[in-house]
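Beneath this line is the structure, given in structure tokens, with notes to follow.
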Amino acid sequence: MKKPFTFRFYASLNDFLPEQRKSKSFVQPFKTPICVGDTLVSLGIPFAEIDLILVNGSPVKITDEIKEDDRIAVYPKFENLNISSISRLREIELGETKFILDCHLGKLAKYMRMLGFDTIYKNRMNDDEIIDIAIRENRIILTRDKLLLKSSRIVQGYFVRTIGKHEQLIEVVKKFDLYNEFKSFTRCMCCNSQLTELNNVAIADKVEPNIAKLYDTFYYCSKCDKVYWNGSHFKKMETYILSLL
């Protein structure tokens, strides 16, 4: 027999709910016994975006069982609120902000690398491979696949809501407060390797003579054998992105 439970989801977690359930309490029955994590999966809420679960006002884990008439409040990551005194769902210590993107976000990956963010992207990685790399290298998963974020193995992940590459970049920078972490010309846009700064003499055999004369500083990727320089195209792109942000 199903038992009633009352749920309330806050802030960005409402993006995963139907309109009639957004930003309000609602009752949903489930067969018991059941753990809180199973109810959230059924309701379509990805674990990766959850930071705190309260049952009748007390913090719980996703594996804890809930009882008839329990009230469950679920919160996303708090960007500007210190809740260190509360037992959060997971403790996150990311250190350097690093990302791994799924196959839907190739264009976003190039923009993030252009601004200097360590961003892994391959268009043929499966979900388990993405999660394994994220855990091993302490990376944030960015995805357009809600099912990927339902894995309880994920430490930190985010579902990118917008579609256009420019809008996606703005969304990610705002979400993770990356404004002060831009480091242009430090990563290859194609492979994510770190670039080496070289003068026009050292790079002369890799660019056209007229380009070598115009610029004093170049940035070289030894893995891709690609050369970058602060030309008009890059300046326009950088100015455009920064103006959007």
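Atom NZ of Lys22 has more than 12 neighbouring heavy atoms from other residues, nucleotides or ligands inside a 6.0 Å radius. For Gln20, the CD atom is densely surrounded, since the number of other residues' heavy atoms within 6.0 Å is greater than 12. Enclosure of atom CZ in Arg71 is not indicated, since only 12 or fewer non-hydrogen atoms of other residues, nucleotides or ligands lie within 6.0 angstrom.
Minimum interatomic distance between Leu17 and Leu43 (heavy atoms only, all atoms of both residues): CD2-O, 4.2 Å. Across every non-hydrogen atom of Ile154 and Leu148, the tightest pair is CD1-O, 3.2 Å. Of all the heavy atoms in Pro59 and Leu52, the pair that sits closest is CB-CD1, 4.2 Å. Heavy atoms only, all atoms of each residue included: Tyr228 and Cys188 are closest at OH-SG, 3.2 Å. In terms of heavy atoms, Asn192 sits closest to Phe117 at OD1-O, 3.7 Å.
Side-chain contact check for Gln28 versus Ser42: every heavy-atom pair is 4.5 Å or farther apart. A heavy-atom distance below 4.5 Å is not found between the side chains of Arg139 and Phe99. Counting heavy atoms from C-beta outward, Pro4 and Asp69 have side chains that approach closer than 4.5 Å. Looking at heavy atoms from C-beta onward, Leu142 lies in side-chain contact with Val172 at the 4.5 angstrom threshold. Between Asp38 and Phe30 the shortest side-chain heavy-atom distance does not fall below 4.5 Å. Within the 4.5 Å cutoff, the side chain of Ile120 has heavy atoms near those of the Met125 side chain. Here the side chains of Cys221 and Cys191 are in contact, with some heavy-atom distance below 4.5 Å.
In this structure, Gln168 contributes its side chain and Thr162 its backbone to a donor-acceptor pair below 3.5 Å.
Aromatic ring orientation, Phe9 versus Phe26: parallel (interplanar angle below 30°, classes split at 30° and 60°). Classification of the Tyr111-His166 ring pair by plane angle, with boundaries at 30° and 60°, yields perpendicular.
Side-chain N/O atoms of Tyr121 and Asp102 include no donor and acceptor closer than 3.5 Å.
Looking at Asp118 and Arg187, a side-chain N of the basic residue comes within less than 4.0 Å of a carboxylate O on the acidic one, giving a salt bridge.
Rounded to the nearest 0.5 Å, atoms CG (Leu195) and NZ (Lys183) are 12.0 Å apart.
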